[in-house]
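Written out below as structure tokens is the structure these notes cover.
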Amino acid sequence: QVSYRAFYGCSSLTSVALPESIVEIGRYAFEGCSSLKTIALPSSVTIIGGSAFSSCTSLTAIAIPDGVRNISESVFKGCSALTSVVLPESVTEIGQYAFEGCSALTAIDLPDKLVEIGAYAFRDCASLTTVTWPSSLARIGSQAFAACAKLPAAALGASVTTVGDGAFRGCTSLLSFDVAEDNSSFEVRSGYLCRKTDSAVLAAPGTLTELRIPDGVTTIAPSAFAGLPGLRKVYIPNSVTTIGSSAFEGCINIADVTSSGRWAMKTLFPYNVYTKVITNVTVLAGCERLADSFCQDCAKLQKVTLPDS
């Protein structure tokens with residue numbers, strides 16, 4: 001065993017050769033070894049502890065041995081030079097923050113037995129363009145792929161039952177979602193990723209400039225559209241009754257809003273920097289009373305259209 005914090009912060013260490021007798025690499029074992037470029041993990045290794053290689057900012061490639069089942073939390077977090085990761089078929093779970101901030105990683109081939117991707121697992125993998133999505137995948141954690149600014153698509157197989165809040169938040173190059181027809185939990189509706197159980201919209205293609213939420217959607221999930229500065233126009237139908245926290249966070253350029261009148265602009269967009277951009281507001285038919293402070297702090301508002309109701 002390579003013990004807990006065995007080489008923690010050894011910032012001049014450049015390479016490591018481990019014997020075949022090693023079966024476990026402890027937590028934080030090589031964290032902060034910022035000059036470490038290469039390490040060959042022996043086939044005997046079956047356990048790699050949390051944060052074992054976190055902040056190894058010179059590490060460029062890693063091959064996980066067969067037999068490792070769990071990619072622990074934060075294990076390669078902040079490995080900003082990492083370009084190649086090989087995961088064995090034995091892996092069933094990728095822990096939270098496992099590859100967060102691996103900004104040079106361009107592709108990841110997820111193994112066929114993978115069941116869960118933890119929260120924030122690939123957040124801020126800004127160069128990630130290719131993901132192989134296994135049919136075994138059941139759970140995708142909150143913000144698992146947040147800020148993967150070059151990710152072009154996401155695919156959910158029939159086994160996916162959970163997609164956490166903001167799983168694809170800030171994926172500004174995302175063009176489409178593909179959901180298996182026999183998935184009982186999720187669907188693509190007018191291009192939007194939706195949850196069937198509560199008619200909630202979870203995410204939108206990140207390239208949109210105009211957001212038109214489909215009629216019949218009742219809930220906008222937390223962080224559903226967060227981190228999409230390209231949005232200029234938003235349509236929220238009367239069917240929407242619940243809007244989750246941070247749903248539009250980071251959408252700093254929305255100028256045109258159409259909604260039921262149920263929510264004040266500062267409730268939809270809870271920072272003054274957002275409301276001060278709005279120039280046009282339209283209230284849908286059926287509204288009898290506007291929300292309190294409906295257009296408060298909309299300093300650039302030029303036009304308001306109200307229904308006869």
Side-chain angles (χ1 to χ4, degrees), residues 119 142-143 146-147 162-172 174 186-187 189-309:
S142 299
Q143 297 198 39
T162 302
V163 176
D165 295 339
F168 301 100
R169 169 185 175 138
C171 293
T172 52
L174 194 64
F186 301 98
E187 63 182 345
R189 194 184 302 180
S190 301
Y192 299 85
L193 179 62
C194 295
R195 189 168 52 220
K196 293 179 180 180
T197 52
D198 58 354
S199 296
V201 60
L202 304 183
T207 55
L208 291 181
T209 57
E210 180 176 345
L211 185 74
R212 188 176 182 88
I213 297 169
D215 290 329
V217 166
T218 60
T219 300
I220 300 175
S223 299
F225 311 120
L228 301 181
L231 287 180
R232 300 289 189 274
K233 191 173 182 179
V234 171
Y235 172 92
I236 303 173
N238 283 329
S239 58
V240 172
T241 57
T242 303
I243 298 179
S245 61
S246 303
F248 294 95
E249 185 176 351
C251 300
I252 59 174
N253 293 305
I254 295 174
D256 190 317
V257 180
T258 299
S259 76
S260 64
R262 223 180 245 119
W263 300 278
M265 295 301 106
K266 66 178 183 178
T267 301
L268 289 175
F269 317 109
Y271 302 99
N272 284 345
V273 67
Y274 302 167
T275 55
K276 287 179 179 177
V277 176
I278 295 171
T279 58
N280 186 42
V281 172
T282 301
V283 178
L284 294 170
C287 176
E288 296 182 355
R289 180 185 184 278
L290 296 177
D292 290 348
S293 306
F294 183 62
C295 285
Q296 180 178 331
D297 293 326
C298 293
K300 292 187 178 181
L301 187 64
Q302 298 173 12
K303 182 181 179 181
V304 177
T305 303
L306 301 176
D308 291 340
S309 55

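- You'll find the side chain of Phe248 reaches within 4.5 Å of the side chain of Val234, heavy atoms only.
- In this structure the side chain of Ser199 never reaches within 4.5 angstrom of the side chain of Val217, judged on heavy atoms.
- Side-chain contact check for Leu301 versus Val281: some heavy-atom pair is nearer than 4.5 Å.
- Annotation: cation-pi pair Arg212/Tyr235 present, NZ/CZ under 6.0 Å from the ring centroid and within 45° of its normal.
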Q: Decide yes or no on side-chain contact (heavy atoms from CB on, under 4.5 Å) for Leu174 and Thr207, but give the supporting numbers first.
A: CA-CA 6 Å; Leu174 194 64; Thr207 55; over 6 Å; no
Q) Can you check side-chain contact (heavy atoms from CB on, under 4.5 Å) on Val277 and Ile252, steps first, answer last? A) CA-CA 8 Å; Val277 176; Ile252 59 174; 5.9 Å; no
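- Residues meeting the salt bridge (Lys or Arg N to Asp or Glu O under 4.0 Å) test with Asp215, sequence neighbours left out: none.
- Between the Asp292 side chain and the Trp263 main chain, no donor and acceptor come within less than 3.5 Å of each other.
- Taking every heavy atom of both residues into account, Cys287 and Gly261 meet most closely at SG-CA, 4.2 Å.
- Note: Arg262 CZ to Thr242 OG1 = 9.0 Å, rounded to the nearest 0.5 Å.
- Summarising the geometry, atom CG belonging to Asp256 is positioned 9.5 Å from atom CD1 belonging to Ile278; distances are rounded to the nearest 0.5 Å.
- One finds the SG atom of Cys298 at 10.5 Å from the NZ atom of Lys266 (value rounded to the nearest 0.5 Å).
- Of all heavy-atom pairs spanning Leu211 and Ala204, the tightest one is CD1-CB, 3.8 Å.
- Between Ala146 and Gly166 the shortest heavy-atom distance is CB-O, 4.0 Å.
- When the shell of 6.0 Å around NZ of Lys300 is examined, it contains 12 or fewer heavy atoms from other residues, nucleotides or ligands.
- Checked by atom type, the side-chain pair Arg232/Thr209 shows no donor-acceptor distance below 3.5 Å.
- Here CD of Glu210 is found 11.5 Å from CD1 of Ile254. Values are rounded to the nearest 0.5 Å.
- Looking at every heavy atom in both residues, Ala264 comes nearest to Ala291 through N-CB, 3.6 Å.
- Counting heavy atoms from C-beta on, the side chains of Leu202 and Ile220 never come closer than 4.5 Å.
- Using modelled atom types, one side-chain atom of Ser239 and one backbone atom of Gly216 make a donor-acceptor pair closer than 3.5 Å.
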Q.
Please evaluate residues Val257 and Asn280 with respect to the criterion side-chain contact (heavy atoms from CB on, under 4.5 Å), reporting the C-alpha separation (whole Å), side-chain torsions for both, the decisive distance (0.1 Å), and the verdict.
A. CA-CA 6 Å; Val257 180; Asn280 186 42; over 6 Å; no
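- Contact check for Leu231 versus Leu208: side-chain heavy atoms found under the 4.5 Å cut-off.
- Side chain of Thr218 to backbone of Asp198: a donor-acceptor contact under 3.5 angstrom is found.
- Of the possible polar contacts, one joining the Ser309 side chain to the Gly286 backbone as a donor-acceptor pair under 3.5 Å is found.
- The side-chain heavy atoms of Met265 and Phe294, taken from C-beta on, include a pair separated by under 4.5 Å.
- Note on ring orientation: taking the six-membered ring where Trp is involved, the planes of Tyr192 and Phe225 are perpendicular (angle over 60°, cut-offs 30° and 60°).
- Taking OG of Ser246 as the start and CG of Asp165 as the end, the distance is 9.5 Å to the nearest 0.5 Å.
- Side chains of Leu268 and Ile236 form a contact here, defined as non-hydrogen atoms less than 4.5 Å apart.
- Salt-bridge formation is detected for the pair Arg169/Glu249: a Lys NZ or Arg NE/NH1/NH2 atom is positioned less than 4.0 Å from an Asp or Glu carboxylate oxygen.
- Side chains of Pro229 and Thr172 form a contact here, defined as non-hydrogen atoms less than 4.5 Å apart.
- Rounding to the nearest 0.5 Å gives a distance of 5.5 Å between OG1 of Thr279 and CD of Gln302.
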